[in-house]
Structures are given as C-alpha cells and as structure tokens.
Amino acid sequence: MGLKEVVERIAGKRPASQRGSRGPQERKRSRDEATIQVPNSGSGASRSPSPPASPPPSPPMPPPSAHPPLAPSQQPPAPAASPPQAPVVPPSSPPPASPPPAAPARTPEPGVGSADATQYVEAPALRSDELVGVLVGIGGALKGEIYRVYDGENKLGRSEACDVNLLDAKISREHAMIVCDEGTLLILPLTAKNPTSLNDETLDEGDELSDGDVLRLGNPGSSTFRFRTVEGL
C-alpha cells in the first residue's frame, strides 16, 4: 500500500465535519503522523530519520571552594624549624665515701685466751725485763683482762704507780707483790685491810707461786686471777 492510499484510508474513516474543519496545518500534522505510523513493509514506504542520539551527559563540576586559592605572594610563610635541643644529662652522683680503716685487732698472748674479749694492760714504766708469766682475770670486775708479769718485782694495786695497775674498787692502792728471783716466784701481801688469798687460803706472809694458782685480791666478790707461767702457756 502506498503512502497516498494510507492517508486517504485514514481520512475516509473520520467524519466529514472533522475533515472539513481542519485547516492546512492540521492536515500537514496528520500526514506527518501517518508517515510515522507507516509499517516497515514494501519497498515504496519511506522511513523517517531516527532522532539524533543525545550527547552523553557532561561530568558534574566540582562545587566552588569556599576559600579561593591564594596567590603565591599571599601564601602564609612556612613555620621555621625549631633547633634541636641538646639532651639533658643528669648530674652524676658523687662517689660513696670510703669507710674509715678499721683499727687493727689486738693479738692475744700466745697460748692465753678466753671466750670474752681481753685487753693487755701494760705497766706504767717501760719494762726491759724478761716476761715470766701473766695474770688472767677469771672473776669479779676484771674478768677477761690479762696482765703481764716480768722478772724482778711486780707491785699489784689500784694506784697508777703500781707495776700492775688493777682498776677495781675492792683492791687496795698497793695490795700485793709478785717477785721473780732466779726462777723462783713468790706472792707477798702488802696490807691487812684487804686480804690476799692463794687458792682460797688467806696469806699472812709470802708464799710460793706456781703455774695455775688462783689469786684473789680483796674480800670475797673482788677480782680473781689465774697465774700462768711462760713455760705453762
């Protein structure tokens, strides 16, 4: 079917009132519509050109920045780098003070000793005589003390003038004497106010003194000594 027959067919189906009342513009529009509705059969039918494809949408523009970029002359200066700080070194502590040197220990007399600490008491005068024995305190105020006895006369008493100074209030200032004469040892009392005892026997006069004898100078409760000879040490 040709284009003309299609138009006439469509126009013949409408009422005469509608056909007569349409003007040239309406008829042209009807032809255009009829042209669009023409089927795609037949070689005489004409095709209307396809509408051109719409261009792809352009990418969205980024929103304008609230703060426009500054000119190079208006850029804020870069912060200056702070100089490196030197490490803090803690103050060194002073070296600990060295303890004072200890006093040298006193060496007891060879062969003589006790559980208690002992001290040597020298005679006031320098003695150049030969050592013959010692008195070892075993009781009373002078327990643990050791006193040297030399060849010749050895006066015993509380006085500082005595050869053997015995600091006990129960002993007289000049109490007794030990004498060594040519190897013989004697103990002699010097006062009757404070007696001298040898092996628990009170002496009225001198008596011989031997190694191991016990002397008490004064009444019971005063200092007691054991006499030891050099040979017996």
Residue pairs, two or more places apart or on separate chains, that pass side chain to side chain donor-acceptor pair (under 3.5 Å) and touch residues 201-210
none
Donor-acceptor check, side chain of Asn154 to backbone of Tyr150, threshold 3.5 angstrom: yes or no?
yes
In Å, rounded to the nearest 0.5 Å, how long is the span from CD1 of Ile138 to CG of Leu135?
10.5 Å
Is Lys155 salt-bridged to Asp163, cutoff N-O under 4.0 Å?
no
Quick check on the hydrophobic clustering: are Phe227 and Ile171 connected, directly or via other members, by side-chain heavy-atom contacts under 4.5 Å?
yes
For the backbone of Glu130 and the side chain of Asp151, can you confirm whether one donor and one acceptor N or O come within less than 3.5 Å of each other?
no
For a quick test of your reading: what N or O donor-acceptor pairs under 3.5 Å do the side chains of residues 183-194 make, sequence neighbours left out?
unit_1, atom_1, unit_2, atom_2, d
Thr191, OG1, Lys193, N, 3.1
Asn194, ND2, Ser172, OG, 2.6

Test Tyr147 against Val136 for side chain to side chain contact (heavy atoms under 4.5 Å, CB included), laying out the working first.
CA-CA 7 Å; Tyr147 301 90; Val136 181; over 6 Å; no
How far does CZ of Arg173 sit from CG of Leu156, to the nearest 0.5 angstrom?
15.0 Å
Partners of Ser222 by side-chain hydrogen bond (donor to acceptor under 3.5 Å, both in side chains), sequence neighbours excluded?
none
Taking every non-hydrogen atom, the tightest pair across Leu217 and Ala176:
CD2-CB, 4.3 Å
Should Ile178 and Val164 be regarded as members of a common hydrophobic cluster, given that ILVMFWY residues are connected when their side-chain heavy atoms come within less than 4.5 Å of each other, either directly or indirectly?
yes
Any link between Val149 and Leu203 through a network of hydrophobic side chains (Ile, Leu, Val, Met, Phe, Trp, Tyr) touching at under 4.5 Å?
yes
For His175 and Lys170, indicate whether the former's side chain and the latter's backbone hold a donor-acceptor pair under 3.5 Å.
no
Examine distances only and state if a side-chain atom of Arg216 and a backbone atom of Gly218 form a donor-acceptor pair shorter than 3.5 Å.
yes
Backbone N or O of Ser223 within a donor-acceptor pair of the Asp168 side chain at under 3.5 Å?
yes
Tell me whether Leu209 is reachable from Leu166 by hopping between hydrophobic residues (I, L, V, M, F, W, Y) whose side-chain heavy atoms are closer than 4.5 Å.
yes
Within the side chain of Asn219, is there an N or O that forms a donor-acceptor pair under 3.5 Å with the backbone of Pro195?
no
The reported gap from CZ in Arg158 to CD in Glu174 (rounded to nearest 0.5 angstrom) is 11.0 Å
For the student: nearest non-hydrogen atoms of Cys180 and Val132, plus distance
SG-CG1, 3.7 Å
